[in-house]
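Step one of this worksheet: look at the structure below.
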Amino acid sequence: MAEKGVTPRGEDYSKWYTDVVQKTELADYSPVKGCMVIRPYGYSLWENIQAALDRRFKETGHVNAYFPLLIPMSFLKREAEHVEGFAPELAVVTHGGGKELDEPLVVRPTSETIIGHMYSEWVKSYRDLPILINQWGNVVRWEMRTRLFLRTTEFLWQEGHTAHATREEAEEETQRMLGVYADFAINEAAIPVVQGRKSDREKFAGAVASYTIEAMMGNGWALQSGTSHFLGQNFARVFDIKFLNQKNEFAYAWTTSWGLSTRMVGAIIMAHGDDQGLMLPPRLAPTQVVVVPIWRKDAERGVVLALAEQVTATLGAAGVRVKLDSRDEFNAGYKFNDWEMRGVPLRIEIGPRDVEQNAVVFARRDILGKEGKTFGVPVAGIADAVRDMLVTIQAGMLARATEFRDANTHTVASYDEFRQVLEGPGGFIRVHWAGTSEDEDRIKEETKATVRCYPFERPEGEGVCFYTGQRTDRIAIFARAY
RNA sequence: CGGGGCGUAGCGCAGCCAGGUAGCGCACUUGAAUGGGGUUCAAGUGGUCGGAGGUUCAAAUCCUCUCGCCCCGACCA
């Protein structure tokens with residue numbers, strides 16, 4: 001059972017995050033360093049994320065499949081940038097069945113190589129294209145420093161891998177899936193992400209271009225929350241994915257890959273959470289509504305519980321994810337705090353006074369205290385009232401997160417100003433940018449801020465680079481990032 | 001791997017300097033009262049003091065070695 005409260009964000013943001021994850025029972029540390037146990041509450045949230053994404057993948061013509069966890073080491077080495085990018089973080093299997101293996105196997109850090117290999121066998125004709133496959137699975141990256149959900153040695157994700165006959169089609173696919181991620185983040189997770197292209201320094205190892213959705217966390221840091229890569233013909237060439245086109249000529253396929261991981265859980269925690277704990281968007285919350293019965297005397301207990309059970313059943317039948325908290329060992333105040341910490345979007349309080357009126361009290365998670373309460377909600381038509389309220393809360397959370405992001409997005413005219421923002425308020429810094437990769441490295445070293453993306457939306461037009469003084473129409477968003 | 005810190009009950013810690021019955025808070029169990037914002041009282045359960053060796057009549061405490069973990073830095077969905 002969770003103890004009292006979480007560390008306030010202002011006191012220690014990292015501690016707050018860890019407290020939230022552990023006390024709300026989303027996840028726990030494992031005996032293996034760097035790995036985590038995703039507990040039922042966290043896994044249930046992930047399942048809702050999966051369902052919302054999977055539906056979108058299917059709607060855009062994709063199918064699911066599963067490729068092996070173990071990949072021949074030689075596969076990784078075929079694409080020069082790819083192996084360079086991933087070599088430092090590989091887990092390698094050298095022994096099996098008590099014997100040393102002829103060729104070491106890597107535990108997949110990502111599956112472009114093995115899927116590329118299979119695609120080369122499956123693609124012979126332009127008629128075999130496109131291939132639009134997604135995989136739900138786990139990957140392993142041997143990271144030095146780990147944080148629950150944000151960076152662990154093993155994590156769950158989905159990785160889409162597609163192959164197309166033309167460059168245009170593959171580029172379209174890359175954008176389409178980035179759009180799917182953005183739509184998911186905004187409309188399901190209530191996180192107002194910025195879509196854009198990754199700088200060369202930050203792009204995926206082996207990609208021609210990488211695109212990202214960047215979210216702002218409660219401390220102003222950025223979190224890359226999903227990526228979509230245009231791989232050009234890089235992987236097709238090294239894995240020999242070629243086909244005969246309509247002119248009877250051999251051509252290499254154009255491929256893409258795109259992924260979103262359990263890191264999204266971390267994004268939801270940090271984009272919405274407050275000092276009370278988690279705040280989950282209704283569309284993804286494992287429990288959308290909790291019913292808390294309140295009574296003083298045993299005589300009241302019966303009627304209160306009866307109404308609470310009736311309301312719970314009605315909502316359940318209406319498809320609302322609802323839970324009745326009839327635990328006798330805790331008083332109402334404890335339960336209020338407990339469910340608020342766990343981020344349940346809507347609480348329904350039912351006491352003797354409510355029973356008399358055949359009504360209930362709504363209490364919103366996103367607006368704490370009396371301000372967020374609605375008294376005297378009639379039991380008749382409760383399901384519609386709850387549905388409406390959940391929609392309102394979902395919208396309210398998105399609006400608040402958007403406001404927060406905009407309020408913490410700064411523009412600067414000079415590097416001095418840039419540094420002042422980072423040392424002071426923090427957040428996103430949106431600037432004209434004509435610097436090189438080396439300039440980017442220098443800025444990172446001096447300020448720990450990196451280019452999060454070149455945003456698609458840039459109403460600013462041309463201007464002067466804050467760093468080099470050159471005129472440019474390129475806009476970059478800098479921030480400290482997880 | 002470089003710099004700093006820490007291992008005593010499930011969690012957080014005190015005790016160590018000046019060796020002498022292993023403690024506190026939370027959690028957990030039981031009972032009672034309480035109950036519209038983390039309520040209270042009482043009684044309990046639970047520990048080879050990270051490990052090994054040494055000094056000593058006696059070691060959580062002193063000495064030696066060792067293992068592990070955390071924080072900061074390089075890497076990262």
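Small disclaimer: the values here were computed from a predicted structure and weren't measured. In what follows, chains carry the letters A, B, and so on, assigned in the order in which the sequence lines appear, proteins first and then strands, with residues in each chain numbered from 1.
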### Message
Taking A:D274 first and then A:R400, would you say they form a salt bridge - that is, a charged N and a carboxylate O separated by under 4.0 Å?
### Response
no
### For atom CD of A:E340 and atom C1' of B:G36, their distance in whole Å
13 Å
### Query
Looking only at atom C1', what distance separates B:A74 and B:G2, rounded to whole Å?
10 Å
### Query
Do A:T256 and A:E173 have a side chain donor and acceptor closer than 3.5 Å?
no
#### Entry: Watson-Crick or G-U wobble mate for B:U56, both contacts under 3.5 Å
none
### Task
Name all residues meeting the salt bridge (charged side-chain N to carboxylate O under 4.0 Å, His left out) criterion together with A:R9; count only those two or more places apart in sequence or in a different chain, and write none if there are none.
A:D275
#### Entry: Identity of whatever pairs with B:C69 - Watson-Crick or G-U, under 3.5 angstrom
B:G5
### Task
Can you sort out which residues in residues 347-374 of chain A have a heavy atom within less than 4.0 Å of RNA chain B? Ascending by number, please.
A:R347, A:E349, A:G351, A:P352, A:R353, A:D354, A:V361, A:K373
### P atoms of B:A32 and B:C70, separation to the nearest Å
44 Å
### Task
Sorted by first residue and then second, give each ring-ring contact (aromatic ring centres under 6.0 Å, His included) pair with at least one member in residues 186-210 of chain A; sequence neighbours left out.
A:H82-A:F204, A:F86-A:F204, A:F204-A:H229
### Task
Calculate the interatomic distance between A:D12 atom CG and B:C71 atom P; express it in whole Å.
11 Å
### Task
Identify, with sequence neighbours excluded, every residue that meets side chain to side chain donor-acceptor pair (under 3.5 Å) alongside A:D328.
A:R301
### Message
How many whole angstroms separate atom CG of A:L305 from atom P of B:G36?
### Response
16 Å
### Summary
Separation of B:C76 atom C1' from A:R147 atom CZ, nearest Å, is 13 Å
### Task
Tell me which of A:W157 and A:W295 sits closer to the 5' end of RNA chain B, going by the nucleotide each one is nearest to.
A:W295
### Query
What does A:L150 touch in the nucleic acid at a heavy-atom separation under 4.0 angstrom: a base, only the sugar-phosphate, or nothing?
base
## Note on the structure
Applying the 3.5 Å cut-off to both distances, the Watson-Crick or G-U partner of B:U61 turns out to be none
### Message
Without decimals, in angstroms, what is the distance between A:R296 CZ and B:G36 P?
### Response
6 Å
### Task
Using a cut-off of strictly less than 4.0 Å between a heavy atom of the residue and any atom of RNA chain B, enumerate the qualifying residues of residues 186-217 of chain A by number.
none
### Query
So what does A:D328 touch, heavy atoms closer than 4.0 Å: a base, only the sugar-phosphate, or nothing?
base
### Message
Taking A:R347's backbone N and O only, do any of them form a donor-acceptor pair with A:R365's side chain (distance below 3.5 Å, no angle check)?
### Response
no
### Query
B:A33 C1' sits how many Å from A:D298 CG, rounded?
12 Å
### Ion pair A:R452/A:E214, N-O distance below 4.0 Å
yes
#### Entry: Presence of A:K448 side-chain N/O under 4.0 Å of B:G73 phosphate oxygens OP1/OP2
yes
#### Entry: With sequence neighbours excluded, residues passing salt bridge (charged side-chain N to carboxylate O under 4.0 Å, His left out) with A:K58
A:D54
#### Entry: A:D439: partners by side chain to side chain donor-acceptor pair (under 3.5 Å), with sequence neighbours left out
A:T436, A:R442
#### Entry: C1'-based separation of B:U66 from B:A27 [nearest Å]
33 Å
### Query
How far, in whole Å, is B:U34 from B:U48 if one measures between their P atoms?
41 Å
### Query
Taking the C1' atom of each, how far is B:G47 from B:C11, in whole Å?
14 Å
### Task
Look at all strands and tell whether A:T152 reaches a base, only sugar-phosphate, or nothing, counting heavy atoms closer than 4.0 Å.
base
### Query
Should B:U29 form a Watson-Crick or G-U wobble pair with both distances under 3.5 Å, which nucleotide is its partner?
B:A43
### Query
Roughly how many Å is it from OH in A:Y29 to P in B:C69, rounded to a whole number?
14 Å
#### Entry: Charged N-O contact under 4.0 Å between A:E59 and A:R56
no
### Message
Whole angstroms only, please: what is the OH-P distance between A:Y334 and B:G38?
### Response
13 Å
### Residue whose closest nucleotide on RNA chain B lies nearer the 5' end, A:S14 versus A:R141
A:S14
#### Entry: Under 3.5 Å on both distances, the Watson-Crick or G-U partner of B:C24
B:G12
### Query
Which base, if any, makes a Watson-Crick or G-U wobble pair with B:A74, both distances under 3.5 Å?
none
### Query
Considering only the P atoms, how many Å lie between B:U39 and B:C26, rounded to the nearest integer?
12 Å
### Message
What's the gap between B:G10 and B:G50 when it is taken at their P atoms, as a whole Å value?
### Response
13 Å
### Any residue of residues 77-93 of chain A with a heavy atom less than 4.0 Å from an atom of RNA chain B
A:E89
### Query
Which nucleotide, in any strand shown, forms a Watson-Crick or G-U wobble pair with B:U34, with both distances under 3.5 Å?
none
## Note on the structure
Residue pairs passing the side-chain hydrogen bond (donor to acceptor under 3.5 Å, both in side chains) test with at least one member in residues 286-297 of chain A, sequence neighbours excluded, are none
### Task
In whole angstrom, give me the gap between the P atoms of B:C57 and B:G68.
35 Å
### Summary
Residue set satisfying side chain to side chain donor-acceptor pair (under 3.5 Å) with A:T113, at least two apart, ordered chain then number -> none
### Query
Where the side chain of A:E143 is concerned, which of B:C76, B:G37, B:U39 is the nearest nucleotide?
B:C76
## Note on the structure
Testing B:G73, B:G38, B:C75 for proximity to the side chain of A:K444, the answer is B:C75
### Message
Tell me every residue that passes side chain to side chain donor-acceptor pair (under 3.5 Å) with A:H272, counting only those two or more places apart in sequence or in another chain.
### Response
none
## Note on the structure
Here the side-chain hydrogen bond (donor to acceptor under 3.5 Å, both in side chains) pairs for residues 68-77 of chain A, sequence neighbours left out, are A:S74-A:E103
